[in-house]
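Just so you know, residue 1 is the first one in the sequence shown, and it goes up from there. In each ligand, atom 1 is the first atom listed, and ligand 1 is the first ligand listed. Being a predicted model, the structure only gives us computed values, none of them experimental.
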Amino acid sequence: MSDAPRVPADVVAALDRAPGRALMLGHVHPDADVLGTLLAIGEALQARRWSVVAGGPHPAPGALSFLPGVERYEVLKTLEGAFDVAVLTDCPNPDRTEGLIDAAKRAAPVVVNIDHHPDNRRYGTVNWIDVGAAATGEMVYRLLTALGAPLTPSIATNLFTAVHTDTGSFRYSNVTPETFRIAAALTAAGARPDVVSAALYERRAPDALRMLGESLARVHVSDDGRVAWLALPAGAVPERFIESEELVNYPRSIGSVKVACLLRELGGGRVKVSLRAKGEVDVNRIAGGFGGGGHANAAGCTISGPLDAVTRRVLDAVSAALAAPR
Ligand code: AMP
Ligand code: MN
Ligand code: MN
């Protein structure tokens, strides 16, 4: 039934052994794909009597406070003690852990790298990269199935949310028949699509729509209509608002737009850039040119400089990419 490639035997073997101490290590600014998959693997290992530490350089955002078990996700600045295995999901390179991957390599003899980013650096002792997977959530569903781990409603909810968010609610070009087969299996196992959608999109704060209005008033569209961008100065809106809104989706939603950009001034002279495309331009290459990365249609980078200068540099790179399509 499945068209998906098999789960590599070394990935299964890394987890299918006598219980010990496991680290589930997340990437910076964790999203639902990384959190859902780490929490799902962690729960499956705990059910097998493993002791599990889950965490990463940044806390889980309030917008994902509904993920089952997320209260166990810790902010880690260093790693305490030794581990039998460390697992990273959805994390293409060591920079995305702010150095914790190096600590994990010292603390654990086995580092399992499970990811769907095309620019994954294969930093693990065991590497499983499937760029055809819409989300790491799909891969971890297949891994837990291969392990014979029971899919509890909480595991199903975590993995369903991972797939739901990385596919833009099953709307993006990464969606395949396998995505729906996995979503169906997760729903059968107790994930509730209505509950997940309400938790993701219908828990806005009372002042969120006013801030959304003020933010969207800053959207610019290029004269040819192919590029739309939103540049937010530091402090223009609170961090918790940005974390709970995928603001880049609004410039993306304009019909003529081929590339959408969100540029957020972070303070400290840095700007976080999110890029989205619709198939015509590979924004991963644009982000890569600024030291970032991601996927062909969704990528990001952080650039030093004043907001207006960074905006101009990014728009120039986008124009150049549009002039030389892939
Ligand atoms: P975002 O725009 O932050 O939602 O990120 C979209 C995609 O780009 C995700 O797959 C991220 O993993 C990737 N990404 C974002 N920022 C960076 C960065 N600074 N370096 C590498 N990849 C990034
Ligand atoms: Mn992620
Ligand atoms: Mn992902």
Side-chain angles (χ1 to χ4, degrees), residues 24-40 56-58 60-61 63-64 67 73 87-98 101 113-121 123 128-141 158-170 172-175 179 182 200 229-230 232 239 242-252 259-264 266 270-277 281-304 310 314 318:
M24 304 291 122
L25 180 57
H27 67 62
V28 290
H29 303 293
D31 54 15
D33 196 24
V34 65
L35 288 171
T37 49
L38 293 179
L39 295 170
H58 298 139
L64 297 175
L67 292 177
Y73 190 85
V87 179
L88 289 98
T89 56
D90 197 45
C91 179
N93 67 62
D95 286 353
R96 301 277 291 158
T97 64
E98 294 193 342
I101 181 74
N113 166 13
I114 302 173
D115 189 23
H116 66 138
H117 287 91
D119 55 347
N120 189 286
R121 306 271 169 78
Y123 50 80
W128 177 27
I129 316 305
D130 180 357
V131 299
T136 316
E138 289 188 4
M139 301 172 72
V140 169
Y141 166 81
N158 274 313
L159 295 182
F160 185 90
T161 308
V163 175
H164 183 111
T165 52
D166 262 30
T167 58
S169 310
F170 304 96
Y172 297 151
S173 59
N174 55 1
V175 173
T179 309
I182 290 171
L200 286 170
W229 67 98
L230 168 51
L232 279 179
E239 185 62 28
I242 304 230
E243 274 177 358
S244 57
E245 299 288 339
E246 274 280 302
L247 282 176
V248 69
N249 284 342
Y250 293 94
R252 182 195 154 99
V259 179
C261 318
L262 170 68
L263 304 108
R264 293 174 46 205
L266 299 176
R270 283 151 35 99
V271 178
K272 176 162 174 20
V273 182
S274 292
L275 300 168
R276 298 294 184 268
V281 169
D282 182 351
V283 289
N284 187 19
R285 285 182 60 179
I286 299 175
F290 294 108
H295 306 273
N297 286 325
C301 54
T302 301
I303 304 177
S304 294
V310 170
V314 169
V318 170

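The nearest protein atom to atom 3 (O) of ligand 1, hydrogens excluded, is given as K272 NZ, 3.0 Å; this is a heavy-atom distance. Summary of contacts: the protein heavy atom closest to atom 2 (O) of ligand 1 is S274 OG, 2.7 Å.
Ring geometry for F160 versus F170: interplanar angle of 30 to 60°, hence tilted.
Looking only at atom types and distance, the side chain of T136 has a donor-acceptor partner in the side chain of D33 under 3.5 Å away. A donor and an acceptor atom, one from each side chain of S173 and N297, are located under 3.5 Å apart. With no hydrogens or angles considered, a side-chain donor-acceptor pair links D166 and H116 at under 3.5 Å.
Comment: E246 does not engage R252 in a salt bridge, judged by the lack of any side-chain N to carboxylate O separation of less than 4.0 angstrom.
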Practice task
Go through the steps for Y123 and I101 under the test side chain to side chain contact (heavy atoms under 4.5 Å, CB included), then give the verdict.
Solution key: CA-CA 9 Å; Y123 50 80; I101 181 74; 3.6 Å; yes
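For ligand 1, one of its N or O atoms has an N or O atom of G300 under 3.5 Å away. Between N93 and ligand 1, no pair of N/O atoms sits closer than 3.5 Å.
Between I114 and T37, the closest side-chain pair of non-hydrogen atoms is not below 4.5 Å.
When heavy-atom distances to ligand 1 are checked against a 4.0 Å cut-off, C301 comes that close only through its backbone atoms N, CA, C and O.
Summary: NE2 is the N/O/S atom of H27 found nearest to the Mn ion (ligand 2).
No donor-acceptor pair under 3.5 Å is formed between the side chain of N120 and the backbone N or O of N93. Under the 3.5 Å distance criterion, the side-chain polar atoms of N284 are matched with a main-chain donor or acceptor of G294.
Comparing C261, G292, G293 against atom 23 (C) of ligand 1, the shortest heavy-atom distance belongs to G293. Counting only non-hydrogen atoms, the option in H295, H117, R276 that gets closest to atom 1 (P) of ligand 1 is R276.
The Mn ion (ligand 3) has D33 OD2, D90 OD1, H116 NE2, D166 OD2 as its protein N, O or S neighbours under 2.8 Å.
With sequence neighbours excluded, the residues forming a side-chain contact (heavy atoms from CB on, under 4.5 Å) with P61 are P30, L35, L64, E243, listed by chain and number.
The contact set between ligand 1 and G294, taken as ligand atoms under 4.0 Å from a residue heavy atom, comprises 8 (O), 13 (C), 22 (N).
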